Amino acid sequence: QVATTALVAYLSFYCAEISLGMSGVISVVLCGITTATFGGGMINSRSLMESFWHLVEHMLNTILFTLGGVVWGSIISNSDDRLAKFQAKDWGLLFLLYILVNVIRFFLMFSFYPLLSRIGLGWRWEETVFVSY
């Protein structure tokens, strides 16, 4: 059943992208929605299916961010090309971006604090600070 879901996803992508000239990504999303809606009775072990796809998702995310780090590291350490050299100004802009993203995150969390404190388990302001950081 795990192999079937992977095969159906690849087949829907191939048919849409190559054969029909349509969006393969949208085809795979619709294939997943259709499988989740109508294929629930055909799945023997839902926990096996979810565990497998969570593992695949984790492995692919790890590979993606590792490759991103390798590319970023090669851009920073490339001293042969003057245009690709990472200078002090770039480090400053990167630090400024980090500070700005944290300020935006704190602003968003505290703007939703009145709502979050009244629904669910009810957040305290200490938890909002922790989640923001």
Side-chain angles (χ1 to χ4, degrees):
Q1 64 193 10
V2 171
T4 303
T5 57
L7 178 71
V8 168
Y10 278 110
L11 241 134
S12 68
F13 182 86
Y14 177 80
C15 289
E17 191 80 26
I18 306 299
S19 300
L20 301 174
M22 297 178 177
S23 173
V25 174
I26 294 175
S27 171
V28 171
V29 168
L30 289 176
C31 176
I33 291 171
T34 305
T35 302
T37 303
F38 300 115
M42 294 183 229
I43 297 173
N44 294 335
S45 175
R46 184 168 295 276
S47 64
L48 171 71
M49 185 79 71
E50 288 178 4
S51 297
F52 173 77
W53 285 113
H54 284 292
L55 177 68
V56 168
E57 175 192 6
H58 176 71
M59 288 173 28
L60 291 177
N61 274 335
T62 302
I63 291 170
L64 175 72
F65 282 101
T66 302
L67 288 175
V70 167
V71 169
W72 181 248
S74 69
I75 288 172
I76 290 176
S77 66
N78 189 2
S79 61
D80 296 338
D81 189 9
R82 290 198 175 268
L83 295 176
K85 191 182 286 186
F86 211 69
Q87 299 169 351
K89 175 186 169 191
D90 299 323
W91 284 109
L93 289 174
L94 192 61
F95 182 71
L96 182 66
L97 178 67
Y98 174 75
I99 297 297
L100 186 64
V101 165
N102 279 318
V103 167
I104 290 171
R105 188 181 319 145
F106 269 88
F107 173 75
L108 287 174
M109 292 307 294
F110 275 101
S111 64
F112 283 105
Y113 174 72
L115 177 68
L116 292 173
S117 65
R118 289 179 176 82
I119 63 172
L121 297 175
W123 280 17
R124 297 187 319 255
W125 69 271
E126 296 95 348
E127 293 168 330
T128 307
V129 170
F130 180 75
V131 169
S132 297
Y133 183 72

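Along the sequence shown, the residues carry numbers beginning at 1. Any value given below was found using the heavy atoms of this structure, including those in side chains, with hydrogens, waters and symmetry copies removed. Because the structure is a prediction, the values reported are computed rather than measured.
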*Taking ILVMFWY side chains as joined if any heavy atoms are under 4.5 angstrom apart, and letting links pass through other members, which residues group with Tyr14?*
Ile18
_Selection residues 15-42 - residue pairs positive for side-chain hydrogen bond (donor to acceptor under 3.5 Å, both in side chains), sequence neighbours left out_ = none
*To the nearest 0.5 Å, how far apart are CG in Leu108 and CD1 in Ile104?*
7.5 Å
*In terms of hydrophobic clustering (I, L, V, M, F, W, Y; side-chain heavy atoms under 4.5 Å; direct or indirect links), are Met22 and Phe13 co-clustered?*
no
*For the residue pair Ser117 and Pro114, what are the closest heavy atoms and their distance?*
OG-O, 3.0 Å
*Point-to-point distance, once rounded to the nearest 0.5 Å, from OG of Ser47 to NE2 of His54*: 10.5 Å
*Would one find more than 12 heavy atoms of other residues, nucleotides or ligands at under 6.0 Å from atom CE of Met49?*
yes
*When rounded to the nearest 0.5 angstrom, what distance separates OH in Tyr10 from OG1 in Thr5?*
11.0 Å
*Could you check Leu67 against Val71 for side-chain contact (heavy atoms from CB on, under 4.5 Å), going step by step and ending with a plain yes or no?*
CA-CA 6 Å; Leu67 288 175; Val71 169; 5.5 Å; no
*For the atom pair CD (Glu127) and CE (Met109), what is the distance rounded to the nearest 0.5 Å?*
10.0 Å
*Which value, rounded to the nearest 0.5 Å, describes the distance between Ser12 atom OG and Ile26 atom CD1?*
12.0 Å
*Linking I/L/V/M/F/W/Y whenever their side-chain heavy atoms sit closer than 4.5 Å, directly or via other members, would Trp72 and Trp91 fall into one cluster?*
yes
_ILVMFWY network linking Phe52 to Leu60, side-chain heavy atoms under 4.5 angstrom_ = yes
*May I ask you to list the residues sharing a hydrophobic cluster with Val129, side-chain cutoff 4.5 Å, ordered by chain and number?*
Phe95, Tyr98, Ile99, Val103, Phe106, Phe110, Tyr113, Trp125, Tyr133
*Verify same cluster id: Val131, Phe112 (apolar side-chain graph, 4.5 Å)*: yes
*Can Trp123 be reached from Leu115 by stepping across I, L, V, M, F, W or Y side chains whose heavy atoms are under 4.5 Å apart?*
yes
*Roughly how far, to the nearest 0.5 Å, is NZ of Lys89 from CG of Leu94?*
13.5 Å
